[in-house]
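Note sheet for the following structure.
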Amino acid sequence: MKKALIVILTLIMSISFAGCGKVVFTTGIGEGNIMKLSGQTMSKGEALFAFLKGIHEYNTSFGDGIWDREINGMTMEDYLKTNIKARLSETKSMCLFAEEKGVKTDSALLEEAEVSANEWIATLGEDYLNEHGVSTDDVKQFFVDELLSKKVYNTLIAGVDYEISDSETKVIEVYYIYFGNDEDAQDKANEALTKAKAGEDFVSLVKEYSKDEDYDYIFGHNESYKEFEDAAFALADSEISDIVSCENGYYIIKCIEDYMIEETKANREKIVENLKKKAVEEEYIPFAKELALEFDNDYWDSLKVSDYE
């Protein structure tokens, strides 16, 4: 049982769905456009603004040296472009879905888009944007699309039930000794349990008996073997379980913290986000699968971070 190491990067994407079903790659979508989605187009200027915005956000968050790194086997440049491309098609798809659901732009949305556009034009520089073929209208349209996408998303999640019991979201920390399921595993578990119950140092027993180099485990419900989870969540601070038999072998568990406040709060937020995502996917995915996407890959592939820094 290995504790997962999760590295969270603040990227340009927010929530990712399945995207569009019918994909056609072509350059026959108009000289000034990069995308056509079931008849609705996106200008190259709007897409380029998203790229420049992403470069600025990465540099601000991680420093100029970020582009020499790799993530998930990709250069940071390719990682950025892949995420932006997915987000652009998803946003345009959600705008079409807004039409389907009768969700429209209004004066408040347009005013918010205007404010965001002006802030980013000031950040990147109007002359710099114009020099690279990005107009003020391109920037404004980017934020109109983003905000309309969020508006239809919020409409879809309005009816989601967020009533989640505390026991469902609780996160705990335990130490454990893993004995495997060899012929003598249970005998060793009995021996170690006797020592643990007698007050011997648990970490020392881990080093003496455990077949897993890890022993510190922070987790919530539905993240482990059911038998392990049931035994662990039944413990109070400093309590030690009896021998726990799981499909992969025997364990002894010691509770270190039976309610981790910050981790439980984060877990609750994660569960709520998953409920929201599920609610949106149930309506959005069938719609998106019927959309036909045309994208100018040649233009997108030609964009290089070094040309815009």
Side-chain angles (χ1 to χ4, degrees), residues 2-19 34-35 42-92 94 112-113 115-134 136 138-147 149-150 153 171 216 218 260 262-263 265-270 272-274 276-277 295-309:
K2 301 290 186 182
K3 186 191 299 183
L5 176 62
I6 302 174
V7 179
I8 301 175
L9 297 177
T10 304
L11 304 176
I12 194 169
M13 293 184 68
S14 56
I15 295 174
S16 179
F17 300 115
I34 191 172
M35 180 197 307
M42 174 181 287
S43 71
K44 289 179 179 177
E46 187 177 342
L48 180 55
F49 168 71
F51 182 57
L52 298 177
K53 178 174 178 284
I55 293 172
H56 178 83
E57 289 173 335
Y58 272 42
N59 283 337
T60 300
S61 297
F62 307 114
D64 295 344
I66 188 67
W67 306 110
D68 294 329
R69 304 181 196 173
E70 289 192 1
I71 184 169
N72 295 341
M74 305 169 68
T75 65
M76 288 302 298
E77 178 176 85
D78 286 342
Y79 188 72
L80 171 68
K81 290 171 66 176
T82 297
N83 282 330
I84 293 176
K85 180 180 175 182
R87 181 59 182 168
L88 290 174
S89 61
E90 177 188 295
T91 298
K92 207 54 129 174
M94 287 290 277
E112 186 177 352
V115 170
S116 295
N118 289 339
E119 288 176 351
W120 272 98
I121 289 169
T123 297
L124 297 178
E126 187 170 3
D127 291 342
Y128 173 81
L129 292 171
N130 289 336
E131 177 187 344
H132 292 295
V134 178
T136 298
D138 289 326
V139 180
K140 290 179 180 177
Q141 188 60 52
F142 173 87
F143 286 106
V144 169
D145 287 351
E146 283 277 304
L147 291 171
S149 174
K150 290 178 181 178
Y153 171 81
V171 174
D216 187 2
I218 296 173
M260 305 187 76
E262 292 302 320
E263 288 80 0
K265 180 181 177 182
N267 191 42
R268 182 181 182 83
E269 292 172 355
K270 181 180 74 172
V272 168
E273 286 304 316
N274 286 337
K276 291 178 180 179
K277 183 176 179 180
F295 197 91
D296 188 345
N297 273 329
D298 290 339
Y299 171 76
W300 190 246
D301 290 344
S302 72
L303 298 180
K304 305 295 180 188
V305 169
S306 58
D307 292 337
Y308 298 98
E309 285 192 296

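Because only heavy atoms are used, hydrogens play no part in the values below, and waters and symmetry mates are left out as well, while side chains stay in. None of these values were measured; they are calculated from a predicted model.
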Check your understanding: Got a donor-acceptor contact below 3.5 angstrom from the S149 side chain to the D145 backbone?
Key -> no
Exercise for review: Check step by step if side chain to side chain donor-acceptor pair (under 3.5 Å) holds for E146 and T91.
Suggested key: CA-CA 6 Å; E146 283 277 304; T91 298; 3.3 Å; yes
Study note, to complete from the structure: Interatomic distance, OH@Y299 vs NZ@K44, rounded to 0.5 Å, equals 6.5 Å
Point to revise | pair M76-E70: side-chain heavy atoms closer than 4.5 Å | key: no
Exercise for review: Might you point out which heavy atoms bring V305 and E77 nearest each other, and give the distance in Å?
Suggested key: N-OE2, 2.6 Å
Practice item. Spell out, as yes or no, whether a donor-acceptor pair under 3.5 Å connects the side chain of K81 to the backbone of L303. Key: yes
Review point. Which atom names give the shortest non-hydrogen contact between A50 and I84, and what distance separates them?
Key: O-CD1, 3.5 Å
Check your understanding: Looking at CD1 of I34 and NZ of K85, how far apart are the two atoms once the value is rounded to the nearest 0.5 Å?
Key -> 8.5 Å
Review point. Would you call K276 and E273 a salt bridge, taking side-chain N to carboxylate O under 4.0 Å as the test?
Key: yes
Review point. Which distance, rounded to the nearest 0.5 Å, do you find between the NZ of K140 and the CD of E46?
Key: 13.5 Å
Study note, to complete from the structure: Nearest heavy-atom contact between H132 and L48 is O-CD2, 3.1 Å
Practice item. I would like to know whether L52 and Y128 meet side-chain contact (heavy atoms from CB on, under 4.5 Å); could you show each step before the answer? Key: CA-CA 10 Å; L52 298 177; Y128 173 81; 3.7 Å; yes
Revision key, fill the gap. Distance col, row E262:CD vs N267:CG, nearest 0.5 angstrom, shows 12.5 Å
Check your understanding: Which of these passes ring-ring contact (aromatic ring centres under 6.0 Å, His included) with Y58: Y79, Y308, W67?
Key -> W67
**Study point:** Heavy-atom side-chain contact between W120 and L129 under 4.5 Å
**Key:** no
Review point. Do Q141 and F49 have side-chain heavy atoms sitting under 4.5 Å apart?
Key: no
Point to revise | Gap between atom CZ of R69 and atom CD1 of I66 - 0.5 Å precision | key: 4.0 Å
Check your understanding: Is D296 reaching over with its side chain to a backbone N or O of D298, donor-acceptor style, under 3.5 angstrom?
Key -> yes
Check your understanding: Shortest non-hydrogen contact from V171 to E263?
Key -> CG2-O, 3.6 Å
Exercise for review: Please tell me if the side chains of R87 and N83 come closer than 4.5 Å, counting only heavy atoms from C-beta onward.
Suggested key: no
Check your understanding: When you check the gap from the basic side-chain N to the acidic O, do E57 and K53 get nearer than 4.0 Å?
Key -> yes
**Study point:** Nearest heavy-atom neighbours spanning L88 and A47
**Key:** CD1-CB, 3.8 Å
Review point. Looking at CZ of F295 and CE of M42, how far apart are the two atoms once the value is rounded to the nearest 0.5 Å?
Key: 8.0 Å
